[in-house]
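Notes follow the structure.
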Amino acid sequence: MTASPRDPLLTAARILIVIAMVLAIIVGTLMVVLLPVMIVGQEAILKELAAETGKTLDWQTTAAIQAILILVAIMASIAYHWLRDLRRVIDSVGMGDPFVPENADRLAHMGWLTVAIEALSIPVGGIGQWLAATIKDATSDFGLSLGGILLALVLFILARVFREGAAMRSELEGTV
Amino acid sequence: MPISVKLDELLYQRRMTLTELAEKVDITLANLSILKTGKAKAVRFSTLEAICRELDCQPGDLLGYDAE
């Protein structure tokens with residue numbers, strides 16, 4: 001059974017994924033570009049922040065911002081790979097051949113990428129909270145999420161489902 | 001594989017072509033060809049039933065077992 005190439009659900013999913021992939025590239029590139037700017041203009045940024053907040057800020061503040069830039073760049077790269085895997089799974093659905101071992105591998109890969117993003121969320125959340133409190137007496141809600149953990153679990157289970165499906169399909173091949 | 005498919009012989013005896021059988025049993029010519037050439041890994045009961053009905057034979061007439 002081949003899904004129509006004009007299947008509205010698949011088309012909408014593809015469009016959304018491409019947009020999200022472009023956003024991930026933009027965010028990742030922005031972080032990579034901002035990092036050397038932060039390092040070079042460290043003194044000026046500290047002065048400006050100090051003037052804005054009225055607080056004395058030291059090298060720890062810029063180090064924290066740089067750490068967040070690096071971590072967010074890594075997260076954007078992980079998100080890009082996650083979306084690329086999802087697009088390939090959707091493409092295989094469009095071609096009417098989703099129950100293949102490659103999709104099981106992709107889903108398991110996506111599960112590990114989700115775990116990686118969740119793991120990175122912890123230091124990003126921690127540093128973000130510290131920065132928010134240091135600079136503006138604010139809070140940051142970035143951190144580990146139950147939704148992310150559930151998503152990873154669902155992906156690992158779906159990977160198993162697809163592996164079973166691929167095995168069953170392979171058994172059916174050659175059946176007349 | 002020690003299982004042999006004797007579709008060729010049965011078709012010859014009934015003076016029927018594979019294409020004609022494919023039309024009668026509603027199975028694609030490609031799939032029947034896979035069965036005829038012994039490349040099939042499994043045969044559905046529904047396929048056996050349809051072939052036996054059209055060729056007026058028993059499943060044993062269609063399949064053989066050769067230990068060597």
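In what follows, chains carry the letters A, B, and so on, assigned in the order in which the sequence lines appear, proteins first and then strands, with residues in each chain numbered from 1.
What you find for Glu173(A) and Lys41(B) is that their closest heavy atoms are O-CD, 3.6 Å. Here the closest non-hydrogen pair linking Ile34(B) and Val176(A) is CG2-CG2, 4.2 Å.
Taking a 6.0 Å sphere around CZ of Arg14(B), one finds it holds more than 12 heavy atoms contributed by other residues, nucleotides or ligands. In Glu20(B), the CD atom is crowded: over 12 heavy atoms of neighbouring residues, nucleotides or ligands sit closer than 6.0 Å. Counting non-hydrogen atoms of other residues, nucleotides and ligands closer than 6.0 Å to CZ of Arg84(A) gives a total above 12. For Glu48(A), the CD atom sits in a loose shell: 12 or fewer heavy atoms of surrounding residues, nucleotides or ligands are nearer than 6.0 Å.
Taking 4.5 Å as the limit, some side-chain heavy atom of Arg44(B) sits within range of a side-chain heavy atom of Leu172(A).
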